[in-house]
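Here is how names work: the chains are called A, B, and so on, in the same order as the sequence lines, proteins then strands, and each is numbered from 1.
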Number of protein chains: 2
Amino acid sequence: MNILVVEDFKELANEVIDYLSKNGYVCKWANSCSKALEEINSNDFDVLLLDLGLPDGSGFDVLKMVRKTQSKMAVIIITARGELDDRINGLQLGADDYLTKPFALTELGARLYAIIRRIHGFTVNDLNIHGFNLQLQDYKVSYNKIPINLTKKEFDIFQYLALNKNRVITRLQLTEHIWGDILEVNSDSNFIDVHVRNLRKKLDKHTSLEWFETVRNVGYRINV
Amino acid sequence: MNILVVEDFKELANEVIDYLSKNGYVCKWANSCSKALEEINSNDFDVLLLDLGLPDGSGFDVLKMVRKTQSKMAVIIITARGELDDRINGLQLGADDYLTKPFALTELGARLYAIIRRIHGFTVNDLNIHGFNLQLQDYKVSYNKIPINLTKKEFDIFQYLALNKNRVITRLQLTEHIWGDILEVNSDSNFIDVHVRNLRKKLDKHTSLEWFETVRNVGYRINV
DNA sequence: CTTCGACGACGAGAATATTCATAAATAGAT
DNA sequence: ATCTATTTATGAATATTCTCGTCGTCGAAG
């Protein structure tokens, strides 16, 4: 699930992106209208998180543009209290929801979940890639209905690489995302490699894995 | 390290408390001036996180009262942008720092860390309880200089109970705090009990553990 | 084309975490 | 005081995670 976060206040953006990433969303950041439009034109996002007060104009301009072209993208408007006046009340401009600052991250999470479910139907929690089916909610994987027994770490790695398909994911990114607090983990260790190895060994039984690349000096990538 | 969070906006308070708890702070919440003063009079806090716009008055009244009596308590003021006018600029009223909403939780964490270090000197990362010394930063425990080999989970449990000494901590609290996402964990399991048991077995070798109570139907508590 | 060094793959084993079955302890009811 | 139901403690088995040593492979330099 890809999300574009349009917000000029960097700390807030970081906080939001960090939270969403940890919940399995793949995020990009834009800090202005122009950057946002640029991103939207070059990538496919499922959700747009849109702050209204941007340095080079109102987020509404972005929203209008989006609604002209990409109708399936969900838009959540973020606004300071009071900034949302009557004129635009009722979400007539085509936003799916809105949040007033300051908001709790869990609140954002709940809105997102609801919207995604509304748009994509009830089962968004499945991830299908190269014949494998990942049920994100209960950590189950199968290939052609044949269940595969992955450990939690193996599942986490598979899920994260799959969510970020076609992008190289570094070992550091995996560590930060899956293990969280980076300080607890010994960095000059090959535990990621070992988990990847074990994951591959299990997947390999079912099909060829040439799409599961090792990118030397960088990390791992799942191509689709 | 005990913190009182004075903030009437419940979602924000929850978010902050959740974050701080996960970083080893022990938090209480007050949503009004009167509740805050009540808490301050009955408990000892190291830091006061104080929102200014409260339903029954300004947080400044709380601050003034605090400065009359409890001079060693650190105070961080939380305020909406613009709410902090010139009259009170420069922290003349005795606050140690302030943050404007919206703020990033990591920013709050950094300020807290700095303030606590300023007040308590450089080494706040040791916890001493009943003869045991916990070095929080590198997961080491010792009793009379004799090192004790605890696993990470055992250390986490010991630390959390010690930080919350004299309070009963439920299994759910331990699960949420140490394992994080509660959904991943099978709740009808006794894994907490097992970790507690193993922890006790290791501590027990060095001294009597009558202060490490099991509170039937509730959880565990370390008395001091 | 060969050599060298760095990086990743791999196997095996140690350490840790979790599950499970059963025993002991506790509190309430009889 | 005894019984009973529920909660916690315990030992042991199982599963998972992480560490370590070694080997293979890739790519750059000669």
Quiz item: Are A/D8 and A/N31 close enough that a side-chain donor and a side-chain acceptor fall under 3.5 Å?
Solution: no
Quiz item: Counting side-chain heavy atoms from C-beta on, which of C/dT18, C/dA9, D/dT7 comes nearest to B/K153?
Solution: C/dT18
Quiz item: Choosing from C/dT19, C/dC7, D/dA9, which nucleotide comes nearest the side chain of A/N217?
Solution: C/dC7
Quiz item: Looking only at N and O atoms, is any donor in the side chain of B/D193 or the base of C/dT19 less than 3.5 Å from an acceptor on the other one?
Solution: no
Quiz item: When you check the phosphate oxygens OP1 and OP2 of C/dT19, does a side-chain N or O of B/S189 lie under 4.0 Å from one of them?
Solution: yes
Practice problem: Considering just the side-chain nitrogens and oxygens of A/R171, establish if one lies under 4.0 Å of OP1 or OP2 belonging to C/dC7. | Solution: no
Quiz item: Taking only N and O in the side chain of A/W179, is any of them less than 4.0 Å away from OP1 or OP2 of D/dT17?
Solution: no
Self-check item: Short side-chain N/O contact to C/dC7 OP1/OP2 from A/T214, under 4.0 Å
Solution: no
Quiz item: More than 12 heavy atoms of other residues, nucleotides or ligands under 6.0 Å from NZ of A/K28: is that the case?
Solution: no
Quiz prompt | Short N-O contact, B/K35 and B/D56, less than 4.0 angstrom | solution = no
Quiz item: Which residue lies toward the 5' end of DNA chain D, B/K201 or A/E154, if each is placed at its nearest nucleotide?
Solution: B/K201
Output a table of donor-acceptor pairs, distance under 3.5 Å, between side-chain atoms of residues 161-169 of chain A and any protein atom two or more places apart or on a different chain; print 'none' if there are none.
residue: A/N164; atom: ND2; partner: A/Y160; partner atom: O; Å: 2.8
residue: A/N166; atom: OD1; partner: A/V224; partner atom: N; Å: 3.0

Exercise. Assign each of A/V215 and A/V194 to its nearest nucleotide of DNA chain C by heavy atoms, then name whichever residue's nucleotide is nearer the 5' end.
Key: A/V215
Practice problem: Under 4.0 Å between any heavy atoms, over every strand shown, what does A/H195 touch: base, sugar-phosphate, or nothing? Just pick one. | Solution: sugar-phosphate
Quiz item: Nearest to the side chain of A/Y220 - C/dC10, D/dA9, C/dG8?
Solution: C/dG8
Exercise. Scan nucleotides 25-30 of chain D nucleotide by nucleotide, 5' to 3', and note B when protein non-hydrogen atoms come under 4.0 Å of the base, S if they reach only the sugar-phosphate, - if neither.
Key: -B----
Quiz item: Would you call the rings of A/W211 and A/H130 parallel, tilted or perpendicular, where under 30° means parallel and over 60° means perpendicular?
Solution: parallel
Quiz prompt | Results of ring-ring contact (aromatic ring centres under 6.0 Å, His included) for B/F212 - residues two or more places apart only | solution = none
Quiz item: What integer distance in Å separates B/N198:CG from C/dA15:P?
Solution: 15 Å
Quiz item: Does D/dT17 have OP1 or OP2 sitting under 4.0 Å from an N or O in the side chain of A/T151?
Solution: yes
Quiz item: Do you see a donor-acceptor pair shorter than 3.5 Å between the side chains of B/R221 and B/N223?
Solution: yes
